[in-house]
Trainee: 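This is the structure I want to talk about, given as structure tokens.
Note that ligands are numbered from 1 as they come in the structure, with each ligand's atoms numbered from 1 the same way. A quick note: this is a predicted structure, and the numbers were derived from the prediction, not measured.
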Amino acid sequence: MEQDNKKYMENNISYDLNEQSLISPLDLGSPLFEPKIRLGVLASGNGSNFEYIIKSIQNNQLNAEISILIVNNPGCLAISKAIKYKIPYVIINHRDCQSRLEHDMLVMKKLDELSVELVIMAGWMRIVGEEIINGYKNRLINIHPSLLPSFKGVDAIQQAIDKRVTITGCTVHYVQKEVDSGSIIIQAAVPIKEQDSKETLKKRIQDMEHIILPLAIAKVAKNIRTGFKDNK
Ligand code: GRF
């Protein structure tokens with residue numbers, strides 16, 4: 001009986017642990033810099049990550065200011081969040097540009113005009129060219145819904161489901177030319193449950209994205225202001 005109890009307890013404990021997600025590395029705290037680090041956010045979609053960056057700043061979990069939200073399509077829901085929180089935004093519609101380069105240059109001009117120090121691709125559904133990548137070396141980061149280097153590219157959550165992995169997650173990484181391939185800054189692991197649908201899994205991954213993206217911003221901000229000492 002005592003043995004059974006022990007087993008039961010152990011099972012209970014492991015069950016509890018399994019409800020949690022792992023974040024690594026977990027550097028809490030955002031160093032205070034004066035003036036605050038100036039962020040530029042690039043978004044194409046719902047803007048939930050954009051909103052959580054704003055909330056982290058409001059809660060004093062992240063010491064930064066958002067200089068601009070840049071969206072590439074007028075229907076992007078991130079715009080309504082910029083309006084709600086009174087963040088400046090601009091629509092730079094790629095459909096109005098003759099080439100990818102022309103669009104990239106317009107984006108970069110706006111970032112430069114505002115002296116943006118760190119650029120965050122928060123659901124930016126466009127591949128950025130070398131001009132932006134080189135112009136913002138070690139200052140351009142992206143969030144991706146998988147544990148990179150697994151499941152790069154589009155529909156990473158479906159890719160993980162199709163491969164029947166039992167743990168997936170999300171990654172914040174520096175952007176380099178090859179898609180979803182730059183150095184990893186922080187990751188969160190998310191278990192895939194048997195009963196998961198793509199939607200339930202996506203929700204749990206996004207919950208973790210909203211936690212790790214502000215942590216990654218704080219980490220990179222520290223690197224920028226201390227001369228990239230921590231960078232690989
Ligand atoms: C996120 O899942 C992110 O990983 C991917 O695009 C999605 C953006 O979501 N790159 P949201 O627009 O921030 O809600």
Side-chain angles (χ1 to χ4, degrees), residues 21-24 39-58 61-62 64 66 68-85 87 89-94 107 118-128 132-133 136 140-162 165 167-176 178-192 196-217 220:
S21 302
L22 174 71
I23 293 177
S24 178
L39 309 178
V41 180
L42 310 184
S44 310
N46 289 329
S48 70
N49 280 286
F50 169 56
E51 186 167 26
Y52 271 84
I53 298 169
I54 298 169
K55 285 183 177 172
S56 307
I57 294 172
Q58 288 182 340
Q61 285 165 344
L62 180 62
I66 303 178
I68 190 82
L69 166 76
I70 300 180
V71 303
N72 65 307
N73 73 73
C76 171
L77 292 176
I79 295 172
S80 56
K81 283 154 189 154
I83 294 169
K84 178 175 170 194
Y85 294 98
I87 305 283
Y89 74 93
V90 60
I91 302 167
I92 304 180
N93 192 338
H94 62 275
V107 170
L118 171 54
V119 183
I120 299 131
M121 290 169 40
W124 181 247
M125 305 308 267
R126 287 186 62 78
I127 294 174
V128 284
I132 297 189
I133 293 172
Y136 280 85
L140 176 63
I141 67 175
N142 179 48
I143 181 145
H144 182 76
S146 78
L147 282 180
L148 290 172
S150 293
F151 312 128
K152 297 175 182 177
V154 291
D155 220 349
I157 297 173
Q158 189 61 50
Q159 289 185 53
I161 292 169
D162 291 347
V165 296
I167 299 177
T168 184
C170 44
T171 303
V172 185
H173 62 94
Y174 289 101
V175 176
Q176 69 173 35
E178 295 73 32
V179 173
D180 300 327
S181 296
S183 304
I184 288 168
I185 301 159
I186 184 168
Q187 294 183 299
V190 175
I192 302 184
D196 262 333
S197 63
K198 187 177 172 188
E199 283 64 40
T200 57
L201 178 58
K202 181 177 173 187
K203 163 85 177 68
R204 292 208 316 288
I205 291 174
Q206 283 223 318
D207 286 347
M208 297 313 293
E209 289 186 345
H210 300 155
I211 296 171
I212 67 168
L213 185 54
L215 294 176
I217 294 169
V220 176

Trainee: Going by the atom numbers of ligand 1, which of them fall below 4.0 Å from some non-hydrogen atom of Asn46?
Mentor: 12 (O), 14 (O)

Trainee: If you measure from each heavy atom of Ala43 to ligand 1, is any distance below 4.0 Å?
Mentor: no

Trainee: Using distance alone, decide if ligand 1 has a nitrogen or oxygen within less than 3.5 Å of any nitrogen or oxygen in Met125.
Mentor: no

Trainee: As an exercise, identify every atom of ligand 1 less than 4.0 angstrom from a heavy atom of Gly123.
Mentor: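 Answer, ordered by atom number: 6 (O), 8 (C), 10 (N).
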
Trainee: Between the side chains of Ser181 and Gln176, is a donor N or O closer than 3.5 angstrom to an acceptor N or O?
Mentor: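 No, because no side-chain N or O of Ser181 sits under 3.5 Å from a partner of the opposite role on Gln176.
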
Trainee: Checking Asn72 side chain against Asn93 main chain: does a donor-acceptor pair fall under 3.5 Å?
Mentor: no

Trainee: Nearest protein heavy atom to atom 12 (O) of ligand 1, by residue and atom, and its distance?
Mentor: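 So the nearest neighbour among protein heavy atoms is Gly47 N, 2.8 Å.
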
Trainee: Might you point out which heavy atoms bring Ile23 and Ala188 nearest each other, and give the distance in Å?
Mentor: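 Heavy-atom minimum between the residues: CG1-CB, 4.0 Å.
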
Trainee: Please step through salt bridge (Lys or Arg N to Asp or Glu O under 4.0 Å) for the pair Lys198 and Asp155, ending with a clear verdict.
Mentor: CA-CA 10 Å; Lys198 187 177 172 188; Asp155 220 349; 2.9 Å; yes

Trainee: Considering distance alone, does some N or O of Gln206 sit under 3.5 Å from an N or O of ligand 1?
Mentor: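 Yes: some nitrogen or oxygen of Gln206 is under 3.5 Å from one in ligand 1.
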
Trainee: Give the atom numbers and elements of ligand 1 that come within less than 4.0 Å of a heavy atom of His144.
Mentor: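 Answer, ordered by atom number: 4 (O).
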
Trainee: To check your reading of the model: name the closest protein heavy atom to atom 10 (N) of ligand 1, its residue, and the distance in Å.
Mentor: Ile143 O, 2.9 Å

Trainee: Within the 3.5 Å criterion, strictly below it, is a donor on Tyr85 or Glu51 matched to an acceptor on the partner's side chain?
Mentor: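 Indeed, the side chains of Tyr85 and Glu51 share at least one donor-acceptor pair under 3.5 Å.
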
Trainee: Closest non-hydrogen protein atom to atom 1 (C) of ligand 1, residue and atom name please, with distance?
Mentor: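 The protein heavy atom lying closest is Glu209 OE1, 3.1 Å.
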
Trainee: Give the numbers and elements of all ligand 1 atoms closer than 4.0 Å to a heavy atom of Ser48.
Mentor: 11 (P), 12 (O), 13 (O), 14 (O)

Trainee: Check the angle between the aromatic planes of His144 and His173 and answer parallel, tilted or perpendicular using the 30° and 60° thresholds.
Mentor: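 Ring orientation of His144 relative to His173: perpendicular.
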
Trainee: Step through the shown structure and confirm whether more than 12 heavy atoms of other residues, nucleotides or ligands are within 6.0 Å of OH on Tyr52.
Mentor: no

